[in-house]
**Q** 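This is the structure I want to talk about, given as structure tokens.
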Amino acid sequence: EKAGFDHFMLKEIYDQPTAYRDTMGSRISGENDQVVLNEIKMTDEEIKSIDRVHIVACGTAYHAGLVGKNVIEKLARIPVETDVASEYRYRSPIITKNTLVIVVSQSGETADTLAALREAKRQGARVIAITNVVGSSVSREADDVITTWAGPEIAVASTKAYTSQLIAFYLFGLYLAQKLDTVEADEVKKVIAALQELPQQVESILEQAEQIKTVAEKISLHNNLFFIGRGLDFSVVLEGSLKLKEISYIHSEAYAAGELKHGTLALIEEGIPVIALATQEDVFEKTVSNIEEVVARGAYVLGVNQEGNEELAKVVNESFTIPRTLDVLSPALSVIPLQLLSYFASLARGNDVDKPRNLAKSVTVE
Ligand code: M6R
């Protein structure tokens with residue numbers, strides 16, 4: 001079942017190009033210029049009446065929801081809030097019949113997510129589920145379902161489910177943009193073209209896995225480290241940090257790079273590893289200056305940015321580049337080296353990669 005891989009997690013990391021292709025599948029039509037989501041049964045009028053979106057999920061799915069917020073706000077210009085499901089219900093969120101609630105769950109069985117869905121429906125919201133399991137509780141109870149076609153995910157650490165959730169958000173964001181006319185047709189076409197390049201770009205990242213393995217072996221000797229990034233990179237480092245904690249048991253914190261000097265910088269000392277994402281062109285210079293702040297204090301930095309920009313490599317100890325893409329799509333590439341980093345760090349520490357201690361694949365109790 002592991003198709004020749006040592007662990008399910010590694011197999012699932014390598015499944016990602018296929019998962020991207022399958023999740024996009026027939027949802028892109030015409031001359032590659034249109035997103036068609038037949039599974040969304042909302043009328044155009046209902047779509048136009050949406051005045052806020054709440055994205056609710058747990059763990060890795062929540063991190064996908066953070067990217068989803070950015071994507072929907074950017075493409076559809078509707079205000080979005082993303083919440084962890086265990087908090088959402090208890091903070092009396094403002095839900096009206098014009099609220100669209102999107103629950104995200106690989107398994108479709110997470111207790112808190114399901115409870116949030118029920119509460120949202122009870123208050124009259126329309127609920128869309130993004131899930132990987134056809135027929136799951138969440139898929140049965142939601143009004144509409146966008147299935148991620150990642151195939152079964154066995155490893156406790158979620159990888160291909162997360163990236164397929166990102167693809168689902170890109171498709172849904174474009175779908176809304178078409179309905180609401182918030183993005184020019186040419187621009188939609190550009191995003192769709194870039195989306196379709198992603199699977200092959202992931203393949204090219206996977207070919208460089210050895211480079212990440214070397215860094216992972218070094219960081220596996222540490223008990224504390226930091227992840228930093230700005231904008232979408234911040235959302236991705238939150239996921240990278242969770243992944244690393246979950247399977248390598250190394251304590252890490254993900255920080256918005258610009259927040260460092262408001263406290264965390266005090267913890268940066270000689271030799272501490274810092275994983276820095278700098279894939280967002282519009283904040284690139286600012287991110288580099290944040291990276292320089294930790295370099296100046298002796299941190300050992302792995303920098304990740306888009307290829308074709310040599311500036312970061314000059315500043316950091318180790319550098320890794322992802323293929324060029326639109327900034328908004330970069331999470332679907334930049335998370336891959338972070339998944340590999342966690343995998344190889346866990347392996348180097350001799351942990352049970354697929355079944356980390358204290359954790360279950362599906363959390364069906366509150
Ligand atoms: O099945 P779900 O997507 O609802 O699961 C949510 C979280 O429990 C899950 O993403 C968890 O955080 C993963 N183990 C992370 O790798």
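Atoms within each ligand, like the ligands themselves, are counted from 1 in listed order. Along the sequence shown, the residues carry numbers beginning at 1.
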**Q** By number and element, which atoms of ligand 1 are closer than 4.0 Å to a non-hydrogen atom of T60?
**A**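 So the answer, numbered in order with elements, is 10 (O), 12 (O), 15 (C), 16 (O).
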**Q** Would you sort out whether Y162 and Q339 count as a side-chain hydrogen bond (donor to acceptor under 3.5 Å, both in side chains), showing the intermediate values?
**A** CA-CA 11 Å; Y162 169 81; Q339 295 169 344; over 6 Å; no
**Q** Counting each atom of ligand 1 from 1 as listed, which ones have a heavy atom of E246 under 4.0 Å away?
**A**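 Every atom of ligand 1 under 4.0 Å from some heavy atom of E246: 13 (C), 14 (N), 15 (C), 16 (O).
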**Q** Check whether more than 12 heavy atoms from other residues, nucleotides or ligands sit under 6.0 Å from atom NZ of K245, and answer yes or no.
**A**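 Check passes, neighbour count above 12.
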**Q** To which protein heavy atom is atom 1 (O) of ligand 1 closest, and what is the distance rounded to 0.1 Å?
**A**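 Here the nearest protein heavy atom works out to S107 OG, 2.7 Å.
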**Q** For ligand 1, which atoms, with element, lie under 4.0 Å from some heavy atom of G59?
**A**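 Every atom of ligand 1 under 4.0 Å from some heavy atom of G59: 12 (O).
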**Q** Any N or O on Q106 sitting closer than 3.5 Å to an N or O of ligand 1?
**A**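 N/O-N/O distance below 3.5 Å exists for this pair.
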**Q** How close does the nearest protein non-hydrogen atom get to atom 7 (C) of ligand 1, and which residue and atom is it?
**A** C58 O, 3.6 Å
**Q** Between V156 and ligand 1, is there a nitrogen or oxygen pair with a distance under 3.5 Å?
**A** yes
**Q** Quick one: does Q106's side chain get under 4.5 Å of K361's, heavy atoms only?
**A** yes
**Q** Taking the non-hydrogen atoms of S362, is any one of them nearer than 4.0 angstrom to ligand 1?
**A**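 No, S362 has no heavy atom closer than 4.0 Å to ligand 1.
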**Q** Enumerate the atoms of ligand 1 whose separation from the nearest heavy atom of A157 is less than 4.0 angstrom.
**A**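 That gives atoms 16 (O) of ligand 1.
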**Q** Q211 side chain to S319 main-chain N or O, any donor-acceptor pair under 3.5 Å?
**A** yes
**Q** For ligand 1, indicate whether the residue K243 contacts it via side chain, backbone, both or neither (heavy-atom separation under 4.0 Å).
**A**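 The part of K243 near ligand 1 is the side chain, not the backbone.
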**Q** Identify whether F227 and V288 are in the same connected component of the hydrophobic contact network (ILVMFWY, side-chain heavy atoms under 4.5 Å).
**A**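 No, F227 and V288 fall in different hydrophobic clusters.
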**Q** Kindly check if the number of other-residue, nucleotide or ligand heavy atoms within 6.0 Å of CD (E217) is above 12?
**A**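 More than 12 within 6.0 Å, yes.
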**Q** Please say whether the positively charged group of R357, taken as NZ for Lys or CZ for Arg, lies over the ring of Y249, i.e. under 6.0 angstrom from the six-membered ring centre and within 45 degrees of the axis.
**A**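 Here R357 passes the 6.0 Å and 45° test against Y249.
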**Q** Atoms of ligand 1 less than 4.0 Å from A61 heavy atoms?
**A**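 It comes down to these atoms of ligand 1: 3 (O), 10 (O).
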**Q** Could you walk me through whether E109 and S137 pass the side-chain hydrogen bond (donor to acceptor under 3.5 Å, both in side chains) test, one step at a time?
**A** CA-CA 6 Å; E109 302 297 343; S137 303; 2.5 Å; yes
**Q** If you have a sec, work out which protein heavy atom is nearest atom 8 (O) of ligand 1 and how many Å separate them, to one decimal?
**A**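 Of the protein heavy atoms, V363 CG2, 4.2 Å lies nearest.
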**Q** Please list, in number order, the atoms of ligand 1 under 4.0 Å from a heavy atom of T110.
**A** 1 (O), 2 (P), 4 (O), 5 (O)
